[in-house]
A.B. asks: 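Once you've had a glance at the structure underneath, I'll fire off some questions.
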Amino acid sequence: MENIITDIGKWVEDVLEYAGKITILLIHSIEGIFTKKISHNLLMQMEEIGVNSFPLVSLISIFTGMVMVMETVKILSKFGGEIFAGVIVSVSMIRELGPVIVALIVAGRIGASISAEIGSMKITEQIDALEVLAVDPVKYLVSPRLLASMVMMPFLNLIAVFLSIMGGFIVAVYIVHLSPVRYMHQSLDFITVKDVFVSITKSFVFGILIIIASCFEGLNATGGAEGVGKATTRAVVSSFFLIILSNLILTAIFYFIK
Amino acid sequence: MINIKNLTVFIKNKKILDDINIHINKGETFVILGESGAGKTIFLKTVIGLIKADAGEIIICGANISQIDENKLLDLRQKTGMVFQSSALFDSLTIWENVGFFLLEHTNLSDGEIREKAEKSLNSVGLKDILDEMPEHLSGGMKKRVGIARALINHPEIIFYDEPTAGLDPVTSESILSLVAKIHKEYKTTDVIVTHDLGIAKKFSDRVAIIDDGRIFTVGTWEEVVKTGHPIVSQKE
Ligand SMILES: Nc1ncnc2c1ncn2[C@@H]1O[C@H](COP(=O)(O)OP(=O)(O)OP(=O)(O)O)[C@@H](O)[C@H]1O
Ligand SMILES: [Mg+2]
């Protein structure tokens, strides 16, 4: 019994310590956004995080939309409501699935590559070299990635929502033979301004969490190549966890805000 | 020039450096000799302020490294150079950007002017025509030279070398060492070299300190240090 309590105590301590360190890194890198000239790095990062994630995000979104229509049409047809298939796609995508799916994809792609890149800079002393040359590693490496992610994630997310509706459209119109005009109408009619706001807020927050969690693991990598591998795994796992957890919290908050 | 008093460092609750006292004079070549794992890298990184000391005091060029403000730190970074054990070139930047990095970040000089300065610095370490190469295309010895060129760009007063010959074949080691000696003469630098290589201590040092398990065992000229009979100096070269 005592063991369990000390174990839990240790676990709580670890979680709090992690949260504290992540928060410090976040504040530090936000400072960097306002103080450092990050222009040339920024465009590169925007391309890497946004543009290069686009193909995978589009493909997965289109397929998700298609699958959702296929699965729901059967049930809806039992009470003649096939036409609402579009609503189901758009409403579930905009507030929940869109932001989460995009975030998970980006966490897998970018989280892994950022932690590997920064982690290998750490173990080859490049981070130390930055400091010796009087450059703050957090402002130099984390801030541009953070800003790029803050800008690109909401875009990717809205594109994902739109493409999933279009994926559903393909199935609805060419396989189920619904009216294209009515499908589009239903899909878009049920999206409110608040939904769009929720969607953008979520993807914005997820974008921050992915970058901070991944950079944190990279900056704290130790040992050799093996250490970088571990950092990469931890970056992806903790990003996934933070995305799911913060989604729960954000959904709860928006549930209570009318 | 460098004054270290009662320096103690813990890493993950393990004592890595234990009550180190060293005074390094202007213009001297000070070699710190120790086996792998003795704490040499940690020592250098603490002295230049990359690792926080848990106790003790480090004064470099009149500044206390643990209490220094940002402007003074920039000034100190300009007066000191560091050559890393693993060279630590930025692998996403070209050679000239690596060498001119400090100037790119902290001055308003044009790219052309910085290239020119980088080229000069590269010439003085014996490298030509590699301005636009990427670090991955260079050999270990060339990377070391580029690392030295980067440290030289501001004409520093002190250069710290972490294992300048580690991982190099004997011929390349020899050429890097004569480069270090040449720079010492030309730029009149104070050199702090940590190494496990007896040859460096024997040929280049004004004074030698032996570091063993985080403690300074002895300090003196090479002849004095040899007389102590510490295992590291009594082994065959
Ligand atoms: N991040 C770390 N976590 C735990 N222990 C560490 C860490 N870094 C270094 N150490 C320990 O500190 C001691 C000194 O390490 P240091 O890198 O200074 O050795 P060194 O003298 O430079 O050796 P080498 O010649 O192999 O470079 C070693 O025993 C090492 O295991
Ligand atoms: Mg070392």
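What you see is a predicted model; the values in this text were computed from it and never measured. In the text below, chain A, chain B and the rest are named by the order of the sequence lines, each starting its count at 1.
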A.B. asks: Of the backbone (N, CA, C, O) and the side chain (C-beta and beyond), which part of B:Thr41 lies under 4.5 Å from a heavy atom of chain A, both, or neither?
C.D. replies: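 It is the side chain, since no backbone atom gets that close.
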
A.B. asks: Step through the shown structure and confirm whether more than 12 heavy atoms of other residues, nucleotides or ligands are within 6.0 Å of NZ on B:Lys182.
C.D. replies: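 Yes, because the 6.0 Å sphere around NZ of B:Lys182 holds more than 12 heavy atoms from other groups.
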
A.B. asks: Got a sec: does the NZ of B:Lys79 have more than 12 other heavy atoms crowding it under 6.0 Å?
C.D. replies: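 Yes.
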
A.B. asks: Which members of residues 93-116 of chain A, sorted by number, sit under 4.5 angstrom from chain B on a heavy-atom basis?
C.D. replies: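 Not one residue of residues 93-116 of chain A has a heavy atom under 4.5 Å from chain B.
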
A.B. asks: Name the member of B:Gly49, B:Ser86, B:Ser87 that forms the most heavy-atom pairs with chain A at distances under 4.5 Å.
C.D. replies: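 Greatest number of close heavy-atom pairs with chain A: B:Ser86.
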
A.B. asks: Determine, using ring centers only, whether A:Tyr140 and B:Phe90 are less than 6.0 Å apart.
C.D. replies: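 No; A:Tyr140 has its ring centre 6.0 Å or more from that of B:Phe90.
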
A.B. asks: Would you confirm whether A:Glu125, through its side chain, and B:Ala88, through its main-chain N or O, come within 3.5 Å as a donor-acceptor pair?
C.D. replies: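 No; zero donor-acceptor contacts below 3.5 Å.
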
A.B. asks: Side chain, backbone, both or neither: which part of A:Leu130 has a heavy atom under 4.5 Å from chain B?
C.D. replies: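 Both parts, backbone and side chain.
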
A.B. asks: Is it the backbone or the side chain of B:Ile48 that comes under 4.5 Å from a heavy atom of chain A, or both, or neither?
C.D. replies: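 The side chain, not the backbone.
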
A.B. asks: Do B:His106 and A:Leu133 pass the side chain to side chain contact (heavy atoms under 4.5 Å, CB included) test, and can you show the C-alpha distance, the side-chain angles, and the key distance before you say yes or no?
C.D. replies: CA-CA 9 Å; B:His106 301 293; A:Leu133 296 162; 5.6 Å; no

A.B. asks: Who passes side chain to side chain donor-acceptor pair (under 3.5 Å) against B:His23, sequence neighbours left out?
C.D. replies: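 Residues passing side chain to side chain donor-acceptor pair (under 3.5 Å) with B:His23: B:Asn3, B:Asn25.
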
A.B. asks: To the nearest 0.5 Å, how far apart are CG in A:Asp128 and NZ in B:Lys45?
C.D. replies: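 Here the interatomic distance stands at 4.0 Å.
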
A.B. asks: So which part of B:Glu70 gets closer than 4.5 Å to some heavy atom of chain A, the side chain, the backbone, both or neither?
C.D. replies: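 Neither part, no heavy atoms under 4.5 Å.
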
A.B. asks: What parts of residues 138-166 of chain B touch chain A if we use heavy atoms and a cut-off under 4.5 Å?
C.D. replies: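 Heavy-atom contacts from residues 138-166 of chain B to chain A are B:Arg150, B:Asp162.
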
A.B. asks: Who passes side chain to side chain contact (heavy atoms under 4.5 Å, CB included) against A:Leu248, sequence neighbours left out?
C.D. replies: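 For A:Leu248, no residue satisfies side chain to side chain contact (heavy atoms under 4.5 Å, CB included) once neighbours in sequence are set aside.
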
A.B. asks: Once you round to the nearest 0.5 Å, how far does CD1 of B:Ile51 lie from CD of A:Glu131?
C.D. replies: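 That separation rounds to 10.0 Å.
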
A.B. asks: With a 4.5 angstrom heavy-atom cut-off, which part of B:Leu103 approaches chain A: side chain, backbone, both or neither?
C.D. replies: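 Neither; nothing under 4.5 Å.
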
A.B. asks: In this structure, are over 12 heavy atoms from other groups packed under 6.0 Å from B:Glu57 atom CD?
C.D. replies: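 Enclosed.
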
A.B. asks: Step through the shown structure and confirm whether more than 12 heavy atoms of other residues, nucleotides or ligands are within 6.0 Å of CZ on A:Phe162.
C.D. replies: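 Check fails, neighbour count at 12 or below.
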
A.B. asks: Measure the shortest side-chain to side-chain distance between A:Thr124 and B:Phe84 over non-hydrogen atoms and say whether it is less than 4.5 angstrom.
C.D. replies: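 Not in contact.
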
A.B. asks: Using a 6.0 Å cut-off, check whether atom CD of A:Glu226 has over 12 heavy atoms from anything other than its own residue.
C.D. replies: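 Result for CD/A:Glu226: open.
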
A.B. asks: More than 12 heavy atoms of other residues, nucleotides or ligands under 6.0 Å from CZ of A:Phe197: yes or no?
C.D. replies: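 No, because the 6.0 Å sphere around CZ of A:Phe197 holds 12 heavy atoms or fewer from other groups.
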
A.B. asks: With a sphere of 6.0 Å drawn around CG of B:Asp129, does it hold more than 12 non-hydrogen atoms of other residues, nucleotides or ligands?
C.D. replies: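 Result for CG/B:Asp129: open.
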
A.B. asks: Which atom pair, heavy atoms only, marks the closest approach of B:Leu89 to A:Gln126?
C.D. replies: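 So the two residues come closest at O-CD, 3.1 Å.
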
A.B. asks: How close do A:Val132 and B:Met82 get, counting heavy atoms only, and between which atoms?
C.D. replies: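 Of all heavy-atom pairs spanning A:Val132 and B:Met82, the closest is CG1-CB, 3.8 Å.
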
